[in-house]
Amino acid sequence: MDAISSSFQASFPRLNRATPFGVTFPTITNIRLERAHDQTQFTTHSPTTTTATTVLTRATPSPPPPSTEPIITKAARPLRQPYNLFSLHVTICNALDDLISNFVDRNPLRSSVNPKDVLAGNYAPIGELPPTKCTVEGRFPSCLEGAYIRNGPNPQFIPKSAYHLFDGDGMLHAIQVSGGQATFCSRFIRTYKFTKEEEAGLPIYPNFFALAGFARFMRVAVFMVRVLTGQINLINGVGLANTALAFMNNTIMALWELDLPYAMHLTPDGDVETVGRWDFGGELRMGITAHPKVDPVTGEVFAFRYGPIPPFLNYFRIGGDGTKQPDIPIFSFRQPSFVHDLAITERYAIFPDIQIVMKPLAMFTGMGPPMGCEARKVPRVGIIPRYATDESEMKWIEVPGFNFVHSVNAWDEKGGEEVVLVAANVVPVEHMLERMDLLHCCLEMVRINLREGKVVGRRALSRRNLEWGVINPKFLGRKSRYAFMAILDPMIKVSGIVKLDFDRASGEDCVVATRSFGERCFAGEPFFVAKEEGGHEDDGYVLTYTHNEGSGESSFVVMDAKSPTLDIVASVRLPQRVPYGFHGLFVCQKDLQKQKNWK
């Protein structure tokens, strides 16, 4: 086992394997990341060094609930026949995959898509961990009765070749708090892709974000052969469910924007189960944004989907009863572009049209990256009434140089004549998919006059590199004063959390509180939970996972949002490492009790 660990840190092991044609190719061994039932620690550490060694051991992913049916349309139910490992079609496709990995992929791989670099340190994959009791230091406030869940990429298998961080299988890390006690678990989201690769015993889906050139074309071709020969059914989706979470229709949804959401269930003992793909009674097609907005007053969900085929943007809402309303196609969205998030106010929905564009020809042929930067394009912001029935009232306002991926909040002023949008502007945007370490996210407040159709105010709120902003959810779409944001230093690791006061927007910097996690200690996206008794907007706590790269330990920390140094009031040392991930969600105990009974 130590030999396997060493080889993973240094370079991926290679073995000779004969193909069905009698030709021997050097191939990369598929190493399964698994966990024994009696094992709770996945990293070993030398007391004299700070190098962490990932241990790859044996275990079994959590099975689906015994009497659960996936919540999907009848036509889209997963194929139940076993994956035939010995069919000629499968053998040929596997051999072609090995051939591409070893002789066609560009060598050496770029650092941004080289698994040895991308999956180093705390980005390295881990195995599942069943619900495990944890020791709490400090005391949990009563408003934290519930569960904090974080989503992120975690490949089931070590990639054969080029791999991008965005390509990992979704894994949820959940800590459930009850009666002052904490239970932690890590579970894969059992997507259709995950289950097919689990049956195959190796990765059979291309890593779409990593491939380029002729290798991408060949991998897409092999993938289509798998589809045409019945190895994979595209009706069941190709999603990873690795990006974000939302609580909609009394269900925890795992989201990846080019597929349907996956319904998840948190059990009373703290375990996480995958229920299945959710299509809102057959009304949701193709996909949904990873960042739908749930109005805190009406309970409605405002969302969209985008893609490479016209109309490139479709806006829709889901009622408080879970009924999806018809799509509103936005034909004035002139080309397929990357639209990751939206903002809402009490009157409007707001969309970005940024310089990162999709390349349909490259996407479908494999000849080139699926997305790129169009430097000559002027970014725009689109604003449409929340309850519009068509796009006739959509207004597009040019905001030069404003490329926002995540919004923080937005609200109406002057009776709806003006809209104020707070979001992190990504600079320079051309490095968003390549060399992310060169990015700087500048938090900006942009004021738009809808009657005049132009920007009437724009200012930076901080000089720091800030992203992944959160507010008190009760103020979503309403004028808010405070935000909590991640300090990306170095990009894309979170070295600390800051609190901003928008009432200081006329000054040089709105930061009013800072929490640094110390040398070689980094965190994830923050999440704000308000106190139950209400009070001021910032009465509450900020949650996140942290990881100490020196000791190899991960923790769950709770910070006092009103403290000038965001003091830690409670923490939990976790029983296994939590890799750096994407977005999280807190679900209070009252909402956990509302979860649908899938049994």
Side-chain angles (χ1 to χ4, degrees), residues 17 19-21 25 27-28 30 32 76 78-79 81-106 109 113 115 118 153 155-170 189-242 256-260 277 286-287 307-309 336 358-371 433:
R17 188 169 75 185
T19 70
F21 310 106
F25 296 125
T27 61
I28 298 172
N30 295 306
R32 181 63 179 273
L79 300 179
Q81 70 268 25
Y83 194 91
N84 187 350
L85 297 175
F86 303 103
S87 76
L88 181 61
H89 294 146
V90 171
T91 304
I92 292 174
C93 287
N94 292 348
L96 288 173
D97 269 341
D98 289 340
L99 175 69
I100 297 167
S101 297
N102 292 282
F103 296 105
V104 182
D105 269 340
R106 191 167 71 182
L109 293 172
V113 294
V118 178
Q156 177 180 192
F157 297 100
I158 292 176
K160 289 184 176 183
S161 188
Y163 169 86
H164 192 280
L165 181 65
F166 297 165
D167 286 314
D169 296 293
I189 302 166
R190 300 184 65 83
T191 63
Y192 178 72
K193 171 189 178 294
F194 178 92
T195 57
K196 296 307 291 184
E197 292 189 335
E198 182 183 42
E199 293 169 2
L202 75 165
I204 59 175
Y205 281 65
N207 293 324
F208 288 102
F209 286 97
L211 302 177
F214 189 59
R216 178 179 174 85
F217 174 78
M218 292 188 67
R219 286 203 185 280
V220 171
V222 173
F223 180 73
M224 292 312 300
V225 171
R226 293 188 189 274
V227 172
L228 294 173
T229 55
Q231 300 175 48
I232 294 171
N233 185 352
L234 289 181
I235 292 177
N236 298 314
V238 295
L240 302 166
N242 70 7
W256 190 75
E257 52 211 40
L258 298 181
D259 197 2
L260 301 180
R277 293 170 83 221
M286 296 179 66
I309 301 173
M358 303 175 74
K359 299 181 177 181
L361 183 61
M363 186 177 298
F364 292 123
T365 64
M367 300 303 292
M371 292 191 290
L433 296 175

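Keep in mind the model is a prediction, meaning the values are calculated, not measured. Starting from 1, each residue takes its place in the sequence as its number.
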(request) Considering non-hydrogen atoms only, spot the tightest contact between S161 and P115 and give its length. (result) O-CG, 2.9 Å
(message) To the nearest 0.5 Å, what is the distance between CD on Q156 and CZ on R190?
(response) 8.0 Å
(message) Restricting to non-hydrogen atoms, name the atom on N242 and the atom on G170 that form the minimum distance, rounded to 0.1 Å.
(response) CB-CA, 3.5 Å
(request) Please examine the side chains of P308 and M371, heavy atoms only from C-beta on, and report whether any two atoms are closer than 4.5 Å. (result) no
(message) I need the L234 CG to Y192 OH distance, nearest 0.5 Å.
(response) 8.0 Å
(message) Please give me the minimum heavy-atom distance between T191 and A241, naming the atom from each residue.
(response) CG2-CB, 3.8 Å
(message) So, taking the atom named CG in L202 and the one named CG in D98, what distance separates them when rounded to the nearest 0.5 Å?
(response) 8.0 Å
(message) For F223 and Y205, take the angle between the two ring planes, folded into 0 to 90°, and tell me which bin it lands in: parallel under 30, tilted 30 to 60, perpendicular over 60.
(response) tilted
(request) Determine the minimum heavy-atom distance between E197 and F157, stating which atoms define it. (result) O-CE1, 3.5 Å
(request) Report yes if the side chains of S87 and Q231 come closer than 4.5 Å at any heavy-atom pair, otherwise no. (result) no
(request) Would you name the heavy atoms of G168 and P153 that are closest together and state the gap between them? (result) CA-CB, 3.7 Å
(message) Could you measure the distance from the OH atom of Y163 to the CD1 atom of I158? Nearest 0.5 Å is fine.
(response) 11.0 Å
(message) The criterion is side-chain contact (heavy atoms from CB on, under 4.5 Å); which residues satisfy it with V222, sequence neighbours excluded?
(response) C93, L96, D97, I100, R226
(message) Once rounded to the nearest 0.5 Å, what's the spacing between atom NZ of K193 and atom CG of L240?
(response) 5.5 Å
(message) Please find the pair of heavy atoms, one from P206 and one from R219, that lie closest to each other, and give the distance.
(response) CG-O, 3.9 Å
(request) Kindly compute the distance separating CD1 (I232) from CE (M224), expressed to the nearest 0.5 Å. (result) 9.5 Å
(request) Using side-chain contact (heavy atoms from CB on, under 4.5 Å) as the criterion, list what pairs up with D259, not counting sequence neighbours. (result) W256, Y262, R277
